[in-house]
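In each ligand, atom 1 is the first atom listed, and ligand 1 is the first ligand listed. Heads up: numbering here begins at 1 and tracks the sequence.
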Amino acid sequence: MPDEKKLSLQDLSEKELMTLLSGYPTFRVGQVYLAAMQNKEYGQMTNLPKDIIAFLSERYNDVAVKIHKVFEGKDGTEKYLFLLGDGNIIEGVFMPHNYGNTLCVSTQVGCRMGCAFCASTLNGLVRNLTAGEILGQVLAVNVRQGGTLKNRAVTNVVLMGSGEPLDNYDEVTKFLQLISYEKGINISLRNISLSTCGLVDKIRLLADSGLTVTLTISLHAPTDEIREIIMPVDKKYKIAEVLDAARYYFAKTGRRVLIEYSLIEGVNSSIGDAKKLARLLHGFSCHVNLINLNRVEERKLKGVDKATVDAFMRTLTECGISNTLRRSMGNDIGGACGQLRRKHIGEEGTN
Ligand code: SAH
C-alpha cells in the first residue's frame, strides 16, 4: 500500500476495513464501509463512537476528493474540478442521457502520453490517482446529483478524463473491483468504459483479469505514419499490435471494442483516410466513435467542418464499418480533456 496518510477510507475494500477494525465489534465495519460509500465526512458519521472516528481519522482521510468548483452547461452537463487531499486538482464531467447518466473520471493528475491534441498532457504526469481517488469522484457526484447506493444518479462511468488508465494499471483495476462491489455503489463493469491510447501489454493483462469493462481504443489515425505524428505512443506500439491486442480482448471477454477517432483538419479526416481506416478494421467486431476535435488553445490542431464529418461517416458506413458521431457535450464549459484544469491552474497558479 502507498503512504497511508494519502489514502482515504474510499481506498479500502470491505475486507481491508475488516482487518483494520479487527479490534472493534464486526457491525462497526459495515457502518464505516457504508458511510465511506455514501461519501460521508467524519463529522457526518453520527452513528459511530468517537474512539473509532479518532482511530480512523488518524490513519485515513474520510473522502478522497472534494468538489471544488462546478460549471453547469446548458444541456444538463456539469463539469467539476475536484480537489485532492494533497492540493492537486483533477476534472470530471457528468452527462445526462436518456438511458442513464455518465460520469467521466480522471485516472492520473496530468498524463505522460504526449498526444498532440490533448490538454491533459501539456505539463506531463504529476502523479497517479489512487483507487479511492478514482472511486471518490463517482461517490461525490452521485451524492451531489441526489443519488443513493440503491438508486444511483451515476449509472455509467467512462475512464476518459485526464490520464492514461493503463499507465496506472494497479490502482485502476483495484478501482474496478471497488466500484463493482455488491455492498458498495455496485456499478456493473458492463456500464464502465476504459479508454486507452493503446498500451498493448496492459490491454492483454486486462483481458486476462476477468474485469470485463468496455474497452475503448483511441486510434485517431489509419496509418502509423499519421499516428506517430499525433500520438508518441505509436513509436512503441504500432497500430497492428494495438489492434491485435484489441482482438484478443474481444476474444477473451466477448465485449465489442470501441474505436475512438477524433477528426482533425488536414491530418486524418479525408475520404482516403476513411477508406484506409475501414480497410484496417475490416472483419473486426468493433464500433467507431467519431468526435470532431475540440480545439485546445495551446495546440494548433483543429476540427473539421460538417461536410467533412458527413463524408467521413458516409465512407465508413459504405465500407460496412458501424460508426456514430459522439455528441460533443458541455462545449460551452470547456468540454475537452484537461482544458478546465489548465484554465484553473492558469488562473489560480495552483497545481
Ligand atoms: N488516455 C486515454 C483516456 C483519456 S482521453 C486515451 O487516450 O484514450 C479520452 C479521449 O479523448 C481519448 O480518445 C482522447 O484521444 C480524446 N481527446 C483528447 N483530447 C481531445 C480533444 N482536444 N478533442 C477531442 N478528443 C480528445
Exercise for the section: For the pair Asp11 (side chain) and Gly132 (backbone), establish whether a donor and an acceptor sit closer than 3.5 Å, ignoring hydrogens and angles. Expected result: yes

Exercise for the section: Number the atoms of ligand 1 from 1 as they appear, then name those within less than 4.0 Å of a heavy atom of Ser262, with their elements. Expected result: 24 (C), 25 (N)

Problem - All side chain to side chain donor-acceptor pair (under 3.5 Å) counterparts of Arg144, not counting sequence neighbours - result: Glu78

Practice task
Report the part of Thr196 (side chain from C-beta onward, or backbone N, CA, C, O) that has a heavy atom under 4.0 Å from ligand 1; answer both or neither where that applies.
Solution key: backbone

Exercise for the section: Using distance alone, decide if ligand 1 has a nitrogen or oxygen within less than 3.5 Å of any nitrogen or oxygen in His220. Expected result: yes

Practice task
Work out whether the distance between some heavy atom of Cys115 and some atom of ligand 1 is less than 4.0 Å.
Solution key: no

Problem - Expected output: side-chain Gln10 to main-chain Ala36 donor-acceptor under 3.5 Å - result: yes

Exercise for the section: Give a yes or no on whether Lys150 atom NZ has more than 12 heavy-atom contacts from other residues, nucleotides or ligands under 6.0 Å away. Expected result: no

Handout entry: ligand 1 contact by Gly163, heavy-atom criterion under 4.0 angstrom
Key = yes

Handout entry: Glu260 N/O to ligand 1 N/O under 3.5 Å
Key = no

Practice task
Check ligand 1 against Cys118 and write out every atom of the ligand that is under 4.0 Å from a heavy-atom position of the residue.
Solution key: 18 (C), 19 (N)

Completion exercise
Residues passing the side chain to side chain contact (heavy atoms under 4.5 Å, CB included) test with Asn323, sequence neighbours excluded, are Val288, Leu290, Met313, Leu316, Thr317

Practice task
Please state whether Gly161 comes within less than 4.0 angstrom of ligand 1, counting heavy atoms only.
Solution key: yes

Exercise for the section: Report yes if Arg326 has an N/O atom closer than 3.5 Å to an N/O atom of ligand 1; otherwise report no. Expected result: no

Practice task
Could you tell me if any non-hydrogen atom of Arg295 lies under 4.0 Å from any atom of ligand 1?
Solution key: no

Problem - Phe117 N/O to ligand 1 N/O under 3.5 Å - result: yes

Exercise for the section: Check Cys197 against ligand 1 and report side chain, backbone, both or neither, counting heavy atoms closer than 4.0 Å. Expected result: both

Practice task
Could you pull out the closest heavy-atom pair between Glu16 and Lys174, with the gap in Å?
Solution key: OE1-NZ, 2.9 Å

Handout entry: Donor-acceptor pair, side chain of Tyr248 and main chain of Asp208, under 3.5 angstrom
Key = no

Exercise for the section: Mark yes or no for whether Arg227, through its side chain, and Ile239, through its backbone, hold a donor-acceptor pair below 3.5 Å. Expected result: no

